[in-house]
Structures are given as C-alpha cells and as structure tokens.
Protein chains: 2
Amino acid sequence: MARKTGSRAEITGPLIRRAALSLFARHGYAAVSMRRIAAEVGVQAGTLYLYTSDKQSLLFELMRSHMEELLAAWGREPKGKEPPARLAAFVRFHIRFHLERPEAVFLAYMELRSLVPENFARIEALRQRYEDALADILRAGIAAGRFQVADLRLATMSIIAMLTGVNTWYRDGGRLSREEVGEIYVEMVGRLVGPDRGAAPDPGVFGER
Amino acid sequence: MARKTGSRAEITGPLIRRAALSLFARHGYAAVSMRRIAAEVGVQAGTLYLYTSDKQSLLFELMRSHMEELLAAWGREPKGKEPPARLAAFVRFHIRFHLERPEAVFLAYMELRSLVPENFARIEALRQRYEDALADILRAGIAAGRFQVADLRLATMSIIAMLTGVNTWYRDGGRLSREEVGEIYVEMVGRLVGPDRGAAPDPGVFGER
DNA sequence: GCTTGGCATGAACGCCCGTTCAGTTAATCT
DNA sequence: AGATTAACTGAACGGGCGTTCATGCCAAGC
C-alpha cells in the first residue's frame, strides 16, 4: 500500500476534501459550487470527479468520516470507572474534540437536511451511537445512586446540547482557555445530574480525573 | 388603516412569507428558488417582486420579525418577582414559544450565514438582547444569593443551548407533553444554577409558578 | 360606461449550475 | 526511446438561477 513518493492523487484527494469542508461549513452545501471548490484547490471542475462520484457523496463522506472519528476517539479516551468520573471525562472529551474541528462539527449539525434520505439515515445512526454513549453513563450512574435525573432522555439531550453549544461562542484568545471552559462545564453538568451535594455518597469525587 | 374588504395584496403578501418560511426552513435558503416559492403560492416568480425587493430581504424580514416577536412576547410574559420564579418563567416561556414556531426557530438559527453582513449584525443584536434577558435574571439571582454559578456567561449560554435543543427532538404526540417537558427543564435548569439544596434560603420556592 | 390603477403575467436577460468526456500532458515503466 | 497510464483540461450539455419589464386584465371610482 504505502509508497515511497506520494503520487499527485494522494495529495489532491485530501486537498479537495479540506476545501469542500471549509467552503460547505462557511457558506452551506447548496451555496457552494463544484467550480468554486475546484478553484480553491487550483484545478478544473472536471478533476473533482476523479476523486468523488458526485457532490452529494463529497458531503456525505465528510460527515461520515467526522462521525466515525468522533466515535473512534471516544472509544480511545481514558474514562475512569465510576459514573461521575466517566461523565466528567465525557464532558472534557466532547468539548475538546469539538473545539478542535469546528468546521466539521458545524457541517455535521447544519447540513443533515442536504443529505439524501439514505445518507441521512446513516449519519443519524452514527449520531445516535454517540448519544447512547452518554445515555449509558447516565443510566449507570442512576443505577448506582450517584446521579439523580427526572428523565434520562431529556438529561442526555440537554447535556449534548449545552456541550455542543460551546462551539457557537468559543473563540481562541478569549477570556477562558479551552481547559477552563471544560472544567466549568464539568461542574455545571455535575450539578445537572447530581443528587443534592449533601446526600451524595462521596461529594468530592465528581471532579476527579 | 383597516379596511372592510381585504385586497388581494393583503392576502398574497403573508402567503408569500409563509411559503418562503416553510421552504427556507425545510431546504435551506440557497437551495430554494424564487420560482419554487412562487409555485407554492400559485403565482409567477415576477409577482414576488411586488412584495419584496429581493430574495435576501425576504429572508431577513422573516428572521427579523421572528426575533422581534420573541422579544415582544417575553416582554408580555408574567414573570414573578424573585429570581428563581423569573428563571422558571423564562424556561417555560422559551420552550413554549419555540415549540410553537419550529420553522421560524430553525431558520433563525441556521440561516444566519446567508445574511449579508449588515443584516447579520441586526439579527445578532436582537439575539443578544434576548440572551441578556436571561443573563439579567441570573445576575439578579446571584446578587441575591439565590443562584450560584461559576461563570455567568457560560451558564447563560448553557441554558439557552439546552432549551433551544428541545426543538431538535420534540415531536407532538410523543412520550411527554410540552408542559411536562417544560417542568422537567425547569427542574434541570434549577439544579444548574441552584446553590446546594441544603444551603438554599428557601428550598421549595424554585418550582413556584 | 369609461377611466384609473393595483395586480399579475410570461418572456427575456445574462449568468451559473452539476456532470460528462474526448483530448492533452507528463511522469513512469520496459 | 518508445509505450503506457495516471492526472488533468476545457469545452460542451441541458437546465435552473435572480431579477426586470412591457403588456394585459379586471375591479373600483367617477
């Protein structure tokens, strides 16, 4: 598989994906033409079709690879054993991972409606798996008496929404570092699911890494 | 101003706005043509230009009127006096108002990037005013010792994000009614900002209507 | 009954769209 | 050196785009 000298195609393919990702994220799938993507890469429009079967596949591949990287990265993440530690790990992971690739995140959330139904279903299935990862943590914590939530699904959706919302306002060089934001969200999410502090079996444990 | 018989124009204008709102929300601004909007209304494309100066103004007017209705409706809302009651009112109001007009909400959040810079700034200013309404409640509650948050701005953004997130999953006829969802969110938001229950001056008060 | 004016048409303008493909280039292999 | 082939071009296809405007219709006002 691996070669000593990368052929031109091995470079152009990723360049096209990067250009498409950036343009789709900034202007929207429908508003970006194949010619504009080609111009960004420095080739003619026809060349794009040596690397993708059509515009829809280009979008779908960007979204699919983003979602699979997300799941794979969470799979590799050290998580701790107890539910509170796992939840804190999820919060830190989500914020870090999402802030590292804002364009892919934006695309994955905004262009679902641009996918043909079959592709939509495949992306939706991946998104669901990620959501389940969080729901599983909450469920385990509830079973262990470490969390107390009125409704598992609503708590799951709330947490995902508030975490993903960070991408809409966070800017590098702002008042808080990514890590500081992460810690504040760990604390807020902890309150959201935590039993009252006084009643907690081990109050100090939640913040543990 | 008011006439006995509405002229045709007084009907067609709103019809165009409704059709544009629905199509823009479902397929995206860039993906919807003026001809398609016209077809939905049952007129020719040229007719649209008797009611709007161009496609961009059509989008902007939809977003502007949505944001101004939001601010006006919150202004009319009975809010209670104490910060905890005001926060609960905000949560209930936000969920109810947003679930009542999913298309306008979707448009206002997804098509910001389709606005020319001047229009973007005007919508952004309105959004900021709404965000400030929530921040003011939290600030008052913190000053009164009723809330305890690590960071005012992050708490504000978190709450807005989790509330708006309801629109992405709520479906009528599902497991929970709008009111039930509202109450669960009142409780979750209460935990997010609440001092530990044991330390609260008046623990039972938060849920009050 | 005639005029006025609001309302709508439908053709036209210049331009850009996604996609295809015969042909050209330049690097690699024998 | 000649053949092969991967990479890319640039023109072309049919069609849709936002917007304009001369023209026609028809109900209301005189």
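Residue numbers begin at 1 in each chain, while the letters A, B, ... track the order of the sequences. Only heavy atoms go into these numbers, but all of them, side chains included; no hydrogens, no water, no symmetry mates. This structure is a prediction, so every number in the text was calculated from the model and none was measured.
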Return the set of residues passing side-chain hydrogen bond (donor to acceptor under 3.5 Å, both in side chains) with Glu100(A) (not counting sequence neighbours), or none when no residue passes.
none
Result block: side-chain N/O donor-acceptor pairs under 3.5 angstrom for residues 32-39 of chain A, not counting sequence neighbours:
residue, atom, partner, partner atom, Å
Ser33(A), OG, Arg36(A), N, 3.1
Arg36(A), NH2, His27(A), NE2, 3.3

Could you list the residues that satisfy salt bridge (Lys or Arg N to Asp or Glu O under 4.0 Å) with Glu61(B), not counting sequence neighbours?
Arg64(B)
Taking only N and O in the side chain of Thr12(A), is any of them less than 4.0 Å away from OP1 or OP2 of dC8(D)?
yes
Flag for Arg18(B)-Ser22(B): side-chain donor and acceptor within less than 3.5 Å
no
With a 4.0 Å limit, can you tell me whether Tyr49(A) has a side-chain N or O closer than that to the phosphate oxygens OP1/OP2 of dC8(D)?
no
In chain order, what residues pass the ring pair (Phe, Tyr, Trp, His ring centres under 6.0 Å) check against Phe93(B), with sequence neighbours excluded?
Trp74(B), Phe97(B)
Please output the side-chain donor-acceptor pairs of residues 112-120 of chain B that fall under 3.5 Å, not counting sequence neighbours, one pair per line with the distance.
residue, atom, partner, partner atom, Å
Arg113(B), NH1, Ala25(A), O, 3.1
Arg113(B), NH2, Glu111(A), OE2, 2.8
Ser114(B), OG, Glu111(B), OE1, 2.6
Asn119(B), ND2, Gln56(B), OE1, 3.1

Among dC7(C), dA7(D), dG18(D), the one nearest Leu50(A) by side-chain distance
dA7(D)
Could you check which residues of residues 36-48 of chain B get a heavy atom under 4.0 Å from DNA chain C? Sort them by number, please.
Val43(B), Gln44(B), Gly46(B), Thr47(B)
Would the base of dG16(D) count as contacting Arg35(B) through its side chain, where contact means a donor and an acceptor less than 3.5 Å apart?
no
Heavy atoms within less than 4.0 Å of DNA chain D: which residues of residues 18-33 of chain B have one? Give them sorted by number.
Val32(B), Ser33(B)
Per the salt bridge (charged side-chain N to carboxylate O under 4.0 Å, His left out) rule, what does the pair list look like for residues 163-178 of chain A, sequence neighbours excluded?
Asp172(A)-Arg178(A), Arg175(A)-Asp151(B)
May I have the distance from Met34(A) (atom CE) to dC13(D) (atom P), rounded to whole angstrom?
21 Å
According to side-chain hydrogen bond (donor to acceptor under 3.5 Å, both in side chains), who are the partners of Glu124(A), at least two apart in sequence or on a separate chain?
Arg127(A)
